[in-house]
2 protein chains.
Amino acid sequence: MTGLRERKKQRTRDALVRAAHELFVEQGYETTTVDEIVAAVDVSQRTFFRYFSSKEEVAFSLQRLVSERFLEAVRQRPPGGSPVEVLRSTLVETWGSIGEAIEEIAPIQLYMRMWQIIETTPSLIAVHLRHSMEMEEQLAAEVARREGLDLDDDPRPRVLVAAFSGVMRAAIRSWSGGEDISVSAARQAVESYVAQLGPALSQDWSTGGTSPSHVVSAAALTARPPGTPSSN
Amino acid sequence: MTGLRERKKQRTRDALVRAAHELFVEQGYETTTVDEIVAAVDVSQRTFFRYFSSKEEVAFSLQRLVSERFLEAVRQRPPGGSPVEVLRSTLVETWGSIGEAIEEIAPIQLYMRMWQIIETTPSLIAVHLRHSMEMEEQLAAEVARREGLDLDDDPRPRVLVAAFSGVMRAAIRSWSGGEDISVSAARQAVESYVAQLGPALSQDWSTGGTSPSHVVSAAALTARPPGTPSSN
DNA sequence: TGTCAATTGTCAGCGACTGTCACTAGCCTC
DNA sequence: GAGGCTAGTGACAGTCGCTGACAATTGACA
């Protein structure tokens with residue numbers, strides 16, 4: 001059992017995350033000041049910066065939680081299965097428990113709405129892209145480990161992960177730009193996009209398009225799955 | 001002919017860019033203050049922020065120049081040829097004139113060294129990724145226009161451009177992490193990476209790897225070209 | 001040459017972030 | 001259960017990026 005000191009720290013940290021998310025969602029990221037966040041939790045600004053190295057960090061704290069959980073789940077996965085399938089099934093199977101982990105800190109709706117804020121705030125888009133890059137690197141290392149490959153010699157892990165994470169980003173972007181920002185809509189968007197990844201790469205898509213046949217398999221990577229609304 | 005006022009503006013702008021690049025390269029981006037930059041050019045800080053909306057913007061001013069020139073060159077390109085080939089040949093043919101455009105503002109070595117700063121400064125990496133995304137969107141629109149396609153219906157322009165720009169980024173990263181940061185080394189790295197793009201996508205790469213055959217064509221996208229030193 | 005408009009400098013101020021130091025409150029020992 | 005130890009907090013002063021407002025300057029043009 002953890003001590004009182006520890007629990008107190010966790011509480012203030014969670015409170016800061018929750019307050020920050022509420023304010024960001026309510027009035028936007030740029031227009032929310034750190035002073036407003038700490039006022040809502042009633043701690044000093046100095047304390048805020050002891051928990052988070054920047055205002056950006058608190059905005060991505062839940063995203064980071066999700067990334068870490070997912071990465072950990074992939075690491076725990078028993079050997080076997082193709083890498084794409086490992087990533088896909090890990091995603092599907094951990095979705096629920098990761099959702100619960102979020103709920104312990106803030107209502108999941110807040111997390112969902114925060115995605116919209118990120119995707120519409122230029123400075124956050126930039127940071128998000130960098131995080132994705134870092135996440136890709138770690139995932140690629142794990143895939144390489146599982147397959148017994150050397151990341152320096154074999155580019156396939158990185159490529160696989162890049163494709164996977166590209167599809168994830170496309171799904172999130174499509175979902176966050178749409179009408180229904182519910183959890184189930186997100187899950188559906190992500191799962192249907194990801195489900196296309198394997199088939200799209202193995203099937204032959206050159207069914208009479210104007211494009212040369214060598215780009216079509218890759219093209220399917222960002223194709224909208226049927227029934228998904230176009231979001232621009 | 002442009003008036004004196006106009007020329008004076010151009011001079012101070014170029015001087016700011018040059019001074020900023022010199023300082024960034026010499027002592028790092030974060031540790032260089034805007035006050036140092038304006039002191040080197042002897043203008044007020046307010047003037048700096050009239051030319052550049054942020055410290056980041058001046059750091060990317062030469063990169064932006066290059067992007068714009070390249071995009072413009074693609075736009076000027078007569079119809080015909082496959083999209084990949086159009087991008088590749090435009091790159092090769094405009095390399096020289098773009099270099100000259102840079103030289104009018106700052107020594108090209110400074111531009112080259114600035115890449116290293118960008119690639120090793122987290123906040124600049126993030127901004128760079130966002131710029132790449134924006135550039136991809138514009139290039140994709142142009143490719144779609146050339147091919148008479150609708151970007152909303154056909155994902156292939158975006159995919160093609162994403163692949164192209166991914167290869168470019170990989171090339172730059174490999175080059176900037178290496179020993180030889182000369183212009184010719186950069187050119188060689190970029191051109192050899194890009195040259196692989198077409199063949200890599202059309203060839204069959206499944207020559208007895210452990211991976212499923214459906215990822216190998218994509219895998220070749222980030223493969224190191226022969227003779228290029230590994231840079232991590 | 002005098003008027004107009006564009007450009008610049010000065011100043012005051014906000015917001016993100018950091019170093020420092022005194023203080024408070026869990027924790028651990030006797 | 002008292003007292004020392006230390007992790008965590010608050011208060012304060014200061015730096016740096018960036019902005020608005022207004023006055024001073026300087027090229028443009030009649």
Side-chain angles (χ1 to χ4, degrees), chain A residues 1-17 19-24 26-61 117-118 121-128 130, chain B residues 1-21 23-24 26-61 117-118 121-128 130:
Chain A
M1 184 70 181
T2 69
L4 171 57
R5 196 181 261 170
E6 201 82 0
R7 272 175 286 145
K8 223 172 178 179
K9 263 173 61 178
Q10 194 58 50
R11 265 206 303 275
T12 42
R13 195 197 151 87
D14 292 352
L16 283 170
V17 171
H21 277 68
E22 276 162 6
L23 287 165
F24 291 158
E26 195 178 310
Q27 58 188 25
Y29 174 79
E30 308 279 9
T31 54
T32 300
T33 68
V34 174
D35 280 338
E36 289 177 291
I37 299 170
V38 299
V41 182
D42 200 40
V43 294
S44 73
Q45 207 200 45
R46 199 65 188 84
T47 296
F48 175 91
F49 284 110
R50 286 200 184 94
Y51 282 101
F52 307 98
S53 65
S54 67
K55 192 174 128 185
E56 276 162 3
E57 194 179 314
V58 73
F60 283 97
S61 55
I117 302 289
I118 291 172
T121 307
S123 63
L124 295 185
I125 292 178
V127 174
H128 172 53
R130 201 188 68 223
Chain B
M1 184 73 182
T2 69
L4 169 58
R5 194 178 262 172
E6 200 82 359
R7 273 174 285 145
K8 222 172 178 179
K9 263 174 61 179
Q10 194 58 50
R11 267 207 301 276
T12 43
R13 195 197 150 87
D14 292 352
L16 284 170
V17 171
R18 202 176 318 119
H21 277 68
L23 287 165
F24 292 159
E26 194 179 311
Q27 59 188 26
Y29 175 78
E30 308 279 8
T31 53
T32 301
T33 67
V34 174
D35 279 338
E36 289 178 291
I37 299 171
V38 298
V41 182
D42 199 41
V43 295
S44 73
Q45 206 200 48
R46 199 66 187 82
T47 296
F48 175 92
F49 284 109
R50 285 199 184 95
Y51 282 101
F52 307 98
S53 65
S54 67
K55 192 174 129 185
E56 277 162 2
E57 195 179 316
V58 72
F60 283 97
S61 55
I117 302 289
I118 292 173
T121 307
S123 64
L124 294 184
I125 292 178
V127 174
H128 175 219
R130 202 187 69 223

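Residue numbering restarts at 1 for every chain, and letters A, B, ... go by the order of the sequence lines.
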Distance, nearest 0.5 Å, that separates OG1 of B/Thr47 from CG of B/Asp42: 10.5 Å
Comparing A/Asp42 and B/Glu56 on DNA chain D - which has the more 5′ nearest nucleotide: A/Asp42
A/Thr121 (side chain) donor-acceptor with A/Ile118 (main chain) under 3.5 angstrom: no
C/dG26 phosphate, OP1 or OP2, under 4.0 Å from A/Lys8 side-chain N/O: yes
Sugar-phosphate only, base, or nothing, as touched by A/Thr31 at under 4.0 Å among non-hydrogen atoms: nothing
Integer-rounded Å distance: C/dC17 C1' and A/Phe48 CZ: 10 Å
Flag for A/Thr32-A/Glu26: side-chain donor and acceptor within less than 3.5 Å: no
For atom CZ of B/Phe49 and atom P of C/dG9, their distance in whole Å: 14 Å
Upstream residue (5' side of DNA chain D) when B/Leu4 and B/Tyr29 are each assigned their closest nucleotide: B/Tyr29
Separation of atom CZ in A/Arg46 from atom P in C/dC23, rounded to whole Å: 18 Å
5' precedence on DNA chain C between A/Phe52 and B/Gln45 (nearest-nucleotide basis): B/Gln45
Nearest-Å distance for atom pair CD/P, residues B/Glu6 and C/dT7: 7 Å
Start and end of the DNA chain D segment that chain B contacts, any atom under 4.0 Å from a heavy atom: D/dC16 to D/dA28
Donor-acceptor under 3.5 Å (B/Tyr51 side chain, B/Asp14 main chain): no
B/Arg130 side chain to A/Ile125 backbone, donor-acceptor under 3.5 Å: no
Inter-residue atom distance B/Gln10.CD - B/Arg7.CZ, 0.5 Å rounding: 11.5 Å
NZ or CZ of B/Lys55 within 45° of B/Phe24 ring axis and under 6.0 Å: no
Integer-rounded Å distance: C/dC27 P and A/Lys9 NZ: 11 Å
Sugar-phosphate, base or nothing in reach of A/Thr33, heavy atoms under 4.0 Å: sugar-phosphate
Integer-rounded Å distance: C/dG9 P and B/Leu16 CG: 10 Å
Nearest-angstrom distance from the residue atom CZ of B/Arg5 to P of C/dA6: 8 Å
Between P of C/dC17 and OH of A/Tyr51, the distance in whole Å: 18 Å
Check: C/dG26 base within 3.5 Å donor-acceptor of A/Arg7 side chain: no
